[in-house]
K.L.:
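Please find one structure pasted underneath; my questions will follow.
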Amino acid sequence: LADTGESGPALVAADAQTSGRGRANRRWITNPGSSLAFSLLIHPAGSQQAKLQLFSALASLAVCRVLNRQLGITAQIKWPNDILINRQKTAGILCEAVWAGESLQAVVIGIGINVTKGSLPVESSLQYPATYLEAHLADSVDRTSLLVNIVSEILTLKDELGIERFMNEYNQMLAFKDEPVRIIMGESVTGGTLVGSDPSGNLILDTGTGLTAIAAGDLHLRPETSTTGVC
(Lines give C-alpha, C1' and ligand atoms only; values in the text may rest on other atoms or scores of the structure.)
Protein backbone atom coordinates (compact mmCIF):
# COMPACT_ATOMS: atom_id res chain seq x y z
CA LEU A 1 0.00 0.00 0.00
CA ALA A 2 2.81 2.40 0.81
CA ASP A 3 4.62 1.57 -2.43
CA THR A 4 1.48 2.28 -4.43
CA GLY A 5 0.97 5.68 -2.83
CA GLU A 6 -1.81 4.90 -0.36
CA SER A 7 -2.53 8.18 1.40
CA GLY A 8 -3.48 6.55 4.70
CA PRO A 9 -4.15 6.05 7.44
CA ALA A 10 -4.81 2.52 6.22
CA LEU A 11 -5.55 -0.54 8.32
CA VAL A 12 -5.00 -4.19 7.44
CA ALA A 13 -6.11 -6.84 9.94
CA ALA A 14 -5.83 -10.62 9.76
CA ASP A 15 -7.95 -13.22 11.53
CA ALA A 16 -5.16 -15.72 10.83
CA GLN A 17 -1.54 -15.47 9.68
CA THR A 18 0.67 -18.20 8.28
CA SER A 19 3.48 -16.04 6.90
CA GLY A 20 3.58 -13.05 9.22
CA ARG A 21 6.97 -11.47 9.88
CA GLY A 22 8.23 -10.29 13.24
CA ARG A 23 11.53 -8.91 14.50
CA ALA A 24 14.69 -10.19 12.78
CA ASN A 25 12.46 -11.86 10.15
CA ARG A 26 11.11 -14.34 12.68
CA ARG A 27 7.96 -16.15 11.59
CA TRP A 28 4.79 -14.72 13.10
CA ILE A 29 1.93 -17.24 13.27
CA THR A 30 -1.63 -16.26 14.22
CA ASN A 31 -4.18 -19.03 14.73
CA PRO A 32 -7.73 -18.31 13.47
CA GLY A 33 -9.91 -16.39 15.93
CA SER A 34 -7.28 -16.34 18.67
CA SER A 35 -5.40 -13.07 18.36
CA LEU A 36 -5.57 -9.49 17.25
CA ALA A 37 -3.09 -9.04 14.38
CA PHE A 38 -2.97 -5.86 12.33
CA SER A 39 -0.80 -3.33 10.56
CA LEU A 40 -1.51 0.39 10.52
CA LEU A 41 -0.01 2.53 7.75
CA ILE A 42 0.37 6.20 8.61
CA HIS A 43 2.16 9.20 7.14
CA PRO A 44 4.04 11.11 9.84
CA ALA A 45 3.84 14.87 9.76
CA GLY A 46 7.08 16.79 9.18
CA SER A 47 7.91 17.19 12.85
CA GLN A 48 7.17 13.50 13.50
CA GLN A 49 9.56 12.33 10.78
CA ALA A 50 12.47 13.35 12.99
CA LYS A 51 11.13 11.03 15.71
CA LEU A 52 10.72 7.78 13.81
CA GLN A 53 12.59 5.92 16.57
CA LEU A 54 9.68 6.70 18.93
CA PHE A 55 6.95 4.96 16.95
CA SER A 56 7.43 1.70 18.88
CA ALA A 57 7.00 3.71 22.08
CA LEU A 58 3.88 5.30 20.59
CA ALA A 59 2.30 1.95 19.77
CA SER A 60 3.33 0.42 23.11
CA LEU A 61 1.84 3.28 25.07
CA ALA A 62 -1.39 3.15 23.05
CA VAL A 63 -1.83 -0.59 23.66
CA CYS A 64 -1.18 -0.24 27.41
CA ARG A 65 -3.63 2.64 27.70
CA VAL A 66 -6.41 0.67 26.00
CA LEU A 67 -5.80 -2.52 27.97
CA ASN A 68 -6.01 -0.49 31.16
CA ARG A 69 -9.03 1.62 30.27
CA GLN A 70 -11.11 -0.85 28.25
CA LEU A 71 -10.29 -4.12 30.00
CA GLY A 72 -8.98 -3.04 33.40
CA ILE A 73 -5.72 -4.91 32.80
CA THR A 74 -2.47 -3.45 34.11
CA ALA A 75 0.07 -3.88 31.33
CA GLN A 76 3.72 -2.86 31.12
CA ILE A 77 6.10 -2.09 28.28
CA LYS A 78 9.12 -4.33 27.87
CA TRP A 79 11.47 -2.08 25.95
CA PRO A 80 11.67 -1.77 23.05
CA ASN A 81 8.54 -3.42 21.65
CA ASP A 82 6.74 -5.98 23.82
CA ILE A 83 3.75 -5.69 26.16
CA LEU A 84 3.74 -7.67 29.40
CA ILE A 85 0.99 -8.68 31.81
CA ASN A 86 2.30 -10.02 35.11
CA ARG A 87 5.73 -10.01 33.41
CA GLN A 88 4.53 -12.39 30.72
CA LYS A 89 4.50 -11.38 27.06
CA THR A 90 1.06 -10.79 25.59
CA ALA A 91 1.81 -8.51 22.63
CA GLY A 92 4.58 -7.64 20.21
CA ILE A 93 5.12 -4.58 18.04
CA LEU A 94 7.16 -4.05 14.88
CA CYS A 95 7.47 -0.60 13.31
CA GLU A 96 9.00 -0.14 9.88
CA ALA A 97 9.65 2.94 7.78
CA VAL A 98 9.02 2.73 4.03
CA TRP A 99 11.40 4.84 1.95
CA ALA A 100 11.67 5.92 -1.67
CA GLY A 101 15.29 6.97 -1.84
CA GLU A 102 15.65 9.58 0.89
CA SER A 103 11.92 10.33 0.93
CA LEU A 104 9.78 8.79 3.67
CA GLN A 105 6.71 7.15 2.15
CA ALA A 106 5.04 5.88 5.32
CA VAL A 107 5.44 4.15 8.65
CA VAL A 108 3.85 0.74 9.15
CA ILE A 109 3.03 -0.25 12.73
CA GLY A 110 2.47 -3.98 13.10
CA ILE A 111 0.88 -5.24 16.32
CA GLY A 112 0.03 -8.75 17.49
CA ILE A 113 -1.89 -9.38 20.71
CA ASN A 114 -2.61 -12.78 22.29
CA VAL A 115 -6.33 -12.78 23.07
CA THR A 116 -7.43 -16.38 23.71
CA LYS A 117 -5.60 -19.46 24.93
CA GLY A 118 -5.40 -20.62 21.32
CA SER A 119 -2.98 -17.79 20.57
CA LEU A 120 -0.16 -19.34 22.59
CA PRO A 121 2.40 -21.53 20.84
CA VAL A 122 3.22 -24.90 22.35
CA GLU A 123 5.09 -24.44 25.60
CA SER A 124 8.22 -26.15 24.34
CA SER A 125 8.68 -23.43 21.70
CA LEU A 126 8.29 -20.50 24.09
CA GLN A 127 11.47 -18.54 24.64
CA TYR A 128 9.90 -16.01 27.00
CA PRO A 129 6.94 -16.59 29.36
CA ALA A 130 3.70 -15.77 27.53
CA THR A 131 0.09 -15.10 28.42
CA TYR A 132 -3.14 -13.98 26.76
CA LEU A 133 -5.77 -11.37 27.60
CA GLU A 134 -8.66 -13.69 28.49
CA ALA A 135 -6.51 -15.40 31.13
CA HIS A 136 -6.85 -12.18 33.15
CA LEU A 137 -10.57 -11.55 32.55
CA ALA A 138 -13.88 -13.09 33.47
CA ASP A 139 -15.40 -12.41 30.05
CA SER A 140 -14.35 -12.86 26.44
CA VAL A 141 -12.67 -10.01 24.55
CA ASP A 142 -14.37 -8.19 21.67
CA ARG A 143 -11.48 -8.07 19.23
CA THR A 144 -13.13 -5.52 16.95
CA SER A 145 -13.73 -3.09 19.80
CA LEU A 146 -10.16 -3.59 21.00
CA LEU A 147 -8.82 -2.94 17.51
CA VAL A 148 -10.85 0.25 17.03
CA ASN A 149 -9.75 1.64 20.39
CA ILE A 150 -6.06 0.89 19.85
CA VAL A 151 -6.00 2.46 16.39
CA SER A 152 -7.84 5.51 17.70
CA GLU A 153 -5.35 5.83 20.57
CA ILE A 154 -2.37 5.59 18.21
CA LEU A 155 -3.75 8.30 15.93
CA THR A 156 -4.42 10.56 18.92
CA LEU A 157 -1.10 9.96 20.66
CA LYS A 158 1.05 10.54 17.59
CA ASP A 159 0.45 14.28 17.94
CA GLU A 160 2.14 14.10 21.37
CA LEU A 161 5.11 12.08 20.14
CA GLY A 162 8.16 12.69 22.30
CA ILE A 163 6.81 15.60 24.35
CA GLU A 164 7.38 15.61 28.10
CA ARG A 165 4.04 14.14 29.20
CA PHE A 166 4.32 11.42 26.54
CA MET A 167 7.76 10.37 27.78
CA ASN A 168 6.72 10.61 31.44
CA GLU A 169 3.78 8.26 30.90
CA TYR A 170 5.88 5.91 28.80
CA ASN A 171 8.55 5.69 31.51
CA GLN A 172 5.92 5.06 34.18
CA MET A 173 4.79 2.00 32.22
CA LEU A 174 8.25 0.51 31.65
CA ALA A 175 8.72 -3.00 33.02
CA PHE A 176 11.75 -3.68 35.25
CA LYS A 177 12.27 0.03 35.99
CA ASP A 178 14.79 0.53 38.83
CA GLU A 179 15.65 -3.17 38.65
CA PRO A 180 18.83 -4.95 37.49
CA VAL A 181 18.61 -6.10 33.88
CA ARG A 182 20.80 -7.47 31.11
CA ILE A 183 20.92 -6.28 27.49
CA ILE A 184 22.04 -9.11 25.22
CA MET A 185 23.42 -8.16 21.79
CA GLY A 186 24.92 -11.21 20.12
CA GLU A 187 27.82 -12.27 22.31
CA SER A 188 27.85 -8.95 24.18
CA VAL A 189 26.01 -8.54 27.49
CA THR A 190 25.56 -5.21 29.27
CA GLY A 191 24.23 -5.22 32.81
CA GLY A 192 22.87 -2.42 34.93
CA THR A 193 19.85 -0.88 36.58
CA LEU A 194 17.09 0.18 34.20
CA VAL A 195 16.63 3.93 34.66
CA GLY A 196 14.17 4.65 31.86
CA SER A 197 14.00 5.83 28.28
CA ASP A 198 15.25 9.14 26.91
CA PRO A 199 13.35 11.38 24.41
CA SER A 200 15.15 9.61 21.55
CA GLY A 201 13.76 6.23 22.57
CA ASN A 202 17.07 4.90 23.91
CA LEU A 203 17.11 2.76 27.02
CA ILE A 204 19.13 4.29 29.87
CA LEU A 205 21.08 1.92 32.10
CA ASP A 206 23.02 2.74 35.23
CA THR A 207 25.96 0.38 34.89
CA GLY A 208 27.48 1.35 38.21
CA THR A 209 30.14 3.45 36.53
CA GLY A 210 27.74 5.86 34.85
CA LEU A 211 24.66 6.06 32.62
CA THR A 212 24.68 4.26 29.27
CA ALA A 213 22.20 4.89 26.43
CA ILE A 214 21.29 1.81 24.37
CA ALA A 215 19.52 2.14 21.03
CA ALA A 216 16.87 -0.36 19.96
CA GLY A 217 17.99 -3.04 17.53
CA ASP A 218 18.38 -6.79 17.34
CA LEU A 219 18.86 -7.17 21.07
CA HIS A 220 17.13 -8.71 24.06
CA LEU A 221 16.28 -7.26 27.46
CA ARG A 222 16.14 -9.64 30.40
CA PRO A 223 15.65 -9.08 34.13
CA GLU A 224 18.78 -10.13 35.98
CA THR A 225 16.91 -12.97 37.68
CA SER A 226 15.54 -14.35 34.40
CA THR A 227 16.34 -17.93 33.47
CA THR A 228 14.48 -17.89 30.16
CA GLY A 229 16.20 -18.17 26.79
CA VAL A 230 16.61 -15.50 24.18
CA CYS A 231 13.59 -14.46 22.12
Side-chain angles (χ1 to χ4, degrees), residues 30 34-38 40 54-95 109-121 123 126-158 160-182 193-198 201 203-205 216 220-228 231:
T30 303
S34 66
S35 304
L36 185 58
F38 65 96
L40 178 66
L54 287 176
F55 273 80
S56 285
L58 164 66
S60 299
L61 185 52
V63 171
C64 283
R65 274 188 174 187
V66 172
L67 293 183
N68 186 6
R69 296 173 183 176
Q70 180 180 342
L71 301 179
I73 291 176
T74 299
Q76 290 184 299
I77 299 165
K78 177 176 170 285
W79 182 91
N81 55 2
D82 290 335
I83 305 299
L84 307 183
I85 300 173
N86 291 343
R87 303 205 170 193
Q88 297 176 304
K89 180 175 175 178
T90 193
I93 295 163
L94 177 64
C95 295
I109 301 173
I111 299 178
I113 303 175
N114 299 334
V115 177
T116 73
K117 188 175 182 179
S119 64
L120 297 184
E123 187 172 354
L126 287 175
Q127 295 178 310
Y128 193 90
T131 189
Y132 56 97
L133 297 183
E134 291 185 355
H136 307 273
L137 299 166
D139 300 316
S140 60
V141 173
D142 184 331
R143 289 186 297 158
T144 300
S145 174
L146 187 64
L147 172 63
V148 169
N149 287 334
I150 290 173
V151 170
S152 176
E153 197 68 51
I154 289 173
L155 295 179
T156 298
L157 265 176
K158 71 181 178 64
E160 301 180 13
L161 196 65
I163 67 174
E164 184 176 4
R165 66 172 175 266
F166 176 100
M167 294 308 305
N168 286 343
E169 185 176 357
Y170 178 80
N171 277 300
Q172 287 172 5
M173 292 188 176
L174 276 181
F176 314 120
K177 195 167 183 292
D178 300 322
E179 297 180 23
V181 298
R182 290 172 287 131
T193 300
L194 195 157
V195 175
S197 178
D198 68 17
L203 190 73
I204 305 301
L205 289 186
H220 312 278
L221 183 153
R222 293 289 180 269
E224 191 57 56
T225 56
S226 173
T227 58
T228 59
C231 72

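In this text, all values refer to a predicted model and were calculated from it rather than measured experimentally.
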K.L.:
With respect to Leu71, which candidate in Leu133, Asp139, Asn149 satisfies the side chain to side chain contact (heavy atoms under 4.5 Å, CB included) definition?
P.N.:
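Checked Leu133, Asp139, Asn149 against Leu71; only one passes side chain to side chain contact (heavy atoms under 4.5 Å, CB included): Leu133.
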
K.L.:
Please give me the minimum heavy-atom distance between Ile109 and Ala59, naming the atom from each residue.
P.N.:
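Scanning both residues, the minimum pair turns out to be CG2-CB, 3.7 Å.
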
K.L.:
Please give me the minimum heavy-atom distance between Ile93 and Cys95, naming the atom from each residue.
P.N.:
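So the minimum-distance heavy-atom pair works out to CG2-SG, 4.0 Å.
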
K.L.:
Where is the tightest heavy-atom contact between Asp82 and Gly92, given as atom of each residue plus distance?
P.N.:
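Looking at all heavy atoms of both residues, the shortest contact is OD1-CA, 3.7 Å.
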
K.L.:
Work out which heavy atom in Ser35 is nearest to a heavy atom in Thr30; give both atom names and the distance.
P.N.:
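Result for this residue pair: CB-CG2, 3.5 Å.
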
K.L.:
When Phe176 is tested against each of Leu84, Ile77, Thr193 for side chain to side chain contact (heavy atoms under 4.5 Å, CB included), which residue passes?
P.N.:
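Single pass found, and it is Leu84.
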
K.L.:
Mind checking the NZ-CG spacing from Lys158 to Leu54? Nearest 0.5 Å is all I need.
P.N.:
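Result: 14.0 Å between the selected atoms.
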
K.L.:
A side-chain contact here means heavy atoms from C-beta on lying under 4.5 Å apart; do Cys64 and Ile83 qualify?
P.N.:
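Of all side-chain heavy-atom pairs linking Ile83 with Cys64, at least one is under 4.5 Å.
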
K.L.:
What are the two closest heavy atoms between Ala91 and Ile113, and how far apart are they?
P.N.:
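So the minimum-distance heavy-atom pair works out to CB-CG1, 3.8 Å.
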
K.L.:
Checking side chain to side chain contact (heavy atoms under 4.5 Å, CB included) against Ile85, which of Asn114, Thr74, Thr90 comes through?
P.N.:
Thr90

K.L.:
Run Arg222 and Lys78 through side chain to side chain contact (heavy atoms under 4.5 Å, CB included) and show every step you take.
P.N.:
CA-CA 9 Å; Arg222 293 289 180 269; Lys78 177 176 170 285; 3.5 Å; yes

K.L.:
To the nearest 0.5 angstrom, please state how far the OG atom of Ser197 sits from the OH atom of Tyr170.
P.N.:
5.0 Å

K.L.:
For Leu147, which of Asp142, Val66, Leu36, Leu40 qualifies under side chain to side chain contact (heavy atoms under 4.5 Å, CB included)?
P.N.:
Leu36

K.L.:
How long is the span from the CZ atom in Arg87 to the CD atom in Gln76, to the nearest 0.5 Å?
P.N.:
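Arg87 CZ to Gln76 CD: 6.0 Å, rounded to 0.5 Å.
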
K.L.:
Give a yes or no on whether the backbone of Val141 and the side-chain of Glu134 come within a donor-acceptor separation of less than 3.5 Å.
P.N.:
yes

K.L.:
Hey, does the side chain of Trp79 reach the backbone of Gly201 with a donor-acceptor pair shorter than 3.5 angstrom?
P.N.:
yes

K.L.:
Drop me the distance from Gln88's CD to Tyr132's OH, to the nearest 0.5 angstrom.
P.N.:
10.0 Å

K.L.:
Can you sort out the partners of Asn86 under side-chain hydrogen bond (donor to acceptor under 3.5 Å, both in side chains), two or more places apart, ordered by chain and number?
P.N.:
none

K.L.:
Under the criterion side chain to side chain contact (heavy atoms under 4.5 Å, CB included), I'd like the reasoning laid out for Phe38 against Val151: C-alpha separation, chi angles, the key distance, then a yes or no.
P.N.:
CA-CA 10 Å; Phe38 65 96; Val151 170; 4.1 Å; yes

K.L.:
How long is the straight-line distance from CG of Leu94 back to OG of Ser56, given to the nearest 0.5 Å?
P.N.:
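Nearest 0.5 Å value for the OG-CG distance: 7.5 Å.
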
K.L.:
A side-chain contact here means heavy atoms from C-beta on lying under 4.5 Å apart; do Leu161 and Phe55 qualify?
P.N.:
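The answer is yes, as the side chains (C-beta and beyond) meet within the 4.5 Å cut-off.
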
K.L.:
What are the two closest heavy atoms between Met173 and Leu61, and how far apart are they?
P.N.:
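For Met173 and Leu61, the tightest heavy-atom pair comes out as SD-CD1, 3.5 Å.
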
K.L.:
If only atom types and distance count, is the side chain of Thr156 paired as donor or acceptor with the main-chain N or O of Ser152 below 3.5 Å?
P.N.:
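Here the side-chain-to-backbone pair exists.
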
K.L.:
Measuring from Ser145:OG to Arg143:CZ, what's the distance to the nearest 0.5 Å?
P.N.:
12.5 Å

